[in-house]
J.: 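Sharing a structure, written as structure tokens. Questions coming.
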Amino acid sequence: MKFTHFNTTLLSISLGLSSLAFAQKPKQTVKLITLDPGHFHAALVQKNMYPEVSPTVQVYAPVGNDLHYHLDRINSYNSRAENPTSWHEKIYAGNDYLEKMLAEKAGNVVVIAGNNRIKADYLAKSVGAGFNVLSDKPMIIDAKDFPKLQATFKKAAENKVLLYDIMTERYEISTMLQRAFALIPSVFGKLEKGTPENPAVTKESVHHFYKYVSGSVLTRPTWFMDVAQQGEGIVDVTTHLVDLIQWECFPAQVIDYKKDIKITNAKRWTTEMTLNQFKTITKTEGFPAFLKKDLANDTTLKIYANGEINYQLKGVHAKASVIWAYKAPEGGGDTHYSIMRGTKANLIIRQGAEQAYKPTLYIEPVNVSGNYEAEIQKAVAELQKDFAGISVKKNAKGWEVIIPEKYKEGHEAHFGRVTEKYLAFLKEGKLPNWEVPNMISKYYITTKALEIAKKTKSAK
């Protein structure tokens, strides 16, 4: 299916369509619209079916490879052997795709995952037209768009629609349990305040340009390697890390970016990518003109994909850092390291070779007395009410939390979890009172940190 040779502006096709796609189930009150799906996260929202969501999805996009790859992914879900989906994609492809979407109002929830340079405008216009929006991160990649994002949230409230970003990492089981243990004073104590040199909370994430998604090597759009379009690492993946720091350290608490946040310092540095590596992941013949600005020579691209933010959140010192490599080591993948330092114990997630590149949670006591192990066992027994089957295993430094395999769904499954949560919010008609101010605070941190990093000479 090639779109590059189409002259028509309207294309309507059905992907893996069966009679089941038209079977309207009771209470299907949500109709999805997909807007300009340039990132594979747009498809992952549809990896599952949802009882309250119509199987017919309207797609609005420019003609091109991004649309082609998106439809291929949906088709793969419809045609898979195990638990196939039954999505019916109706496509409008043309230069006026945005205007067409706003005019036709073919659904009530817009899914936005693509080029981040234009996302702030997509969000503002969608919300302004009365659509609910489920947005991939990051919502913005530049401080100049921060006022627009604030205005968009205000407009969402006025129009009584829900604007929400896809925070998949809240559904990673080791992170959920790290948060849960941190709420048990007999095990964790209280969260330390930390220092800039030794933060109370550290979250580090390693990602890879070459990766597998839904069983196939991911084809990246060429613009993904342009930080002016995708965003630098410090405003992209760190969105997840900053979100988790807020979500774990101050659960269900409102964070006011004007008084609760102080950025200490930030820095950024580049990842190098060869021409051959670029060709492999984009399936193109060379660097496009918009990447010439980032070439060290004709065959090496330098991408500001890496960054680090040191800041204070309600007086607690935190660090969020992201690193992008080209390809993971054999048997490896994207990895996550996290530590929350308590007065009684540190809660640490490691995901290295020793853990077979699987996120593993450890409880490592630092200042305990009495029968601390009994407190651990009491805490585990309490948490088993929500996480049946978890246990702990003693090691030289403390305990490893043993997590049943049934909870280890993987990153792709988390998109379904976020979507289910969002659908529940839609049914209720509102988000929790802390979600919007905390989203605003999150994007203040990332975009302000980028401003600071650009003024700081990198030490890397």
Side-chain angles (χ1 to χ4, degrees), residues 11-12 15 28-50 52-62 66-67 70-71 73-74 87-141 145 148-149 151-168 239 415-416 418-431 435-436 439 443:
L11 178 65
S12 182
L15 296 177
Q28 285 182 333
T29 57
V30 175
K31 291 196 70 175
L32 296 180
I33 295 171
T34 306
L35 176 61
D36 191 10
H39 197 287
F40 70 94
H41 288 175
L44 287 177
V45 169
Q46 294 177 241
K47 196 172 181 181
N48 309 314
M49 304 296 292
Y50 310 93
E52 59 270 69
V53 177
S54 168
T56 300
V57 179
Q58 180 70 53
V59 182
Y60 295 92
D66 285 355
L67 175 59
H70 174 74
L71 298 179
R73 291 178 190 119
I74 301 299
W87 297 109
H88 171 212
E89 304 290 296
K90 295 179 66 178
I91 293 90
Y92 181 90
N95 292 333
D96 60 342
Y97 62 93
L98 179 59
E99 293 78 10
K100 198 75 172 177
M101 183 199 83
L102 297 173
E104 290 188 345
K105 296 188 181 299
N108 53 7
V109 174
V110 181
V111 176
I112 300 176
N115 191 310
N116 293 320
R117 180 172 59 189
I118 50 182
K119 191 178 286 179
D121 192 47
Y122 282 173
L123 297 177
K125 289 185 176 179
S126 298
V127 166
F131 292 105
N132 298 285
V133 177
L134 181 58
S135 171
D136 191 28
K137 61 82 198 153
M139 285 182 165
I140 57 172
I141 60 173
D145 284 327
K148 179 181 282 189
L149 182 62
T152 301
F153 275 113
K154 183 178 179 182
K155 177 59 70 173
E158 292 172 358
N159 286 349
K160 297 182 179 179
V161 295
L162 304 188
L163 171 59
Y164 194 62
D165 61 355
I166 301 174
M167 292 288 101
T168 51
T239 307
F415 285 84
V418 176
T419 304
E420 289 169 351
K421 177 66 76 173
Y422 180 67
L423 292 171
F425 292 150
L426 285 176
K427 186 176 181 180
E428 191 175 351
K430 62 180 180 179
L431 297 171
E435 282 281 19
V436 169
M439 280 188 276
Y443 289 108

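Nothing fancy with the numbering, it's 1 onward along the sequence.
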J.: Only pairs under 3.5 Å count here: list side-chain donor-acceptor contacts from residues 35-46, not counting sequence neighbours, and write none if there are none.
T.:
unit_1	atom_1	unit_2	atom_2	d
Asp36	OD2	Tyr122	OH	2.7
His39	ND1	His41	N	3.1
His41	ND1	Asp136	OD1	2.9
His41	ND1	Asp136	OD2	3.0
Gln46	NE2	Glu89	OE2	2.9

J.: To the closest 0.5 Å, what do you measure between NZ (Lys90) and OH (Tyr60)?
T.: 8.0 Å
J.: Taking side-chain hydrogen bond (donor to acceptor under 3.5 Å, both in side chains) as the test, write out the residues that go with Asn115, two or more places apart.
T.: Gln229
J.: Can you name the residues that form a side chain to side chain contact (heavy atoms under 4.5 Å, CB included) with Ala151, not counting sequence neighbours?
T.: none
J.: Are the side chain of Lys105 and the backbone of Ala129 linked by a donor-acceptor contact shorter than 3.5 Å?
T.: yes
J.: Which residues satisfy the salt bridge (charged side-chain N to carboxylate O under 4.0 Å, His left out) test with Asp66, sequence neighbours excluded?
T.: none
J.: Using the salt bridge (charged side-chain N to carboxylate O under 4.0 Å, His left out) criterion, which residues pair with Glu104? Sequence neighbours excluded.
T.: Lys100
J.: Kindly write out the residues that satisfy salt bridge (charged side-chain N to carboxylate O under 4.0 Å, His left out) with Lys137, not counting sequence neighbours, or none if the list is empty.
T.: Asp236
J.: Using a 3.5 Å cut-off and no angle test, enumerate the donor-acceptor pairs between side-chain atoms of residues 153-161 and protein atoms at least two apart in sequence or in another chain.
T.:
unit_1	atom_1	unit_2	atom_2	d
Lys155	NZ	Glu158	OE1	3.3
Asn159	ND2	Val127	O	2.9

J.: Within the distance-only criterion (no hydrogens, no angle test), does the side chain of Asp165 pair as donor or acceptor with the backbone N or O of Ser135 below 3.5 angstrom?
T.: no
J.: For Ile33 and Gly107, which heavy atoms make the closest approach, and how far apart are they?
T.: CD1-N, 3.3 Å
J.: List for me each residue that meets side chain to side chain contact (heavy atoms under 4.5 Å, CB included) alongside Ile140, sequence neighbours excluded, and say none if there are none.
T.: Ala120, Asp145, Phe146, Leu149, Tyr443, Thr447
J.: By side chain to side chain contact (heavy atoms under 4.5 Å, CB included), which residues pair with Lys421, not counting sequence neighbours?
T.: Tyr164, Tyr171, Phe425
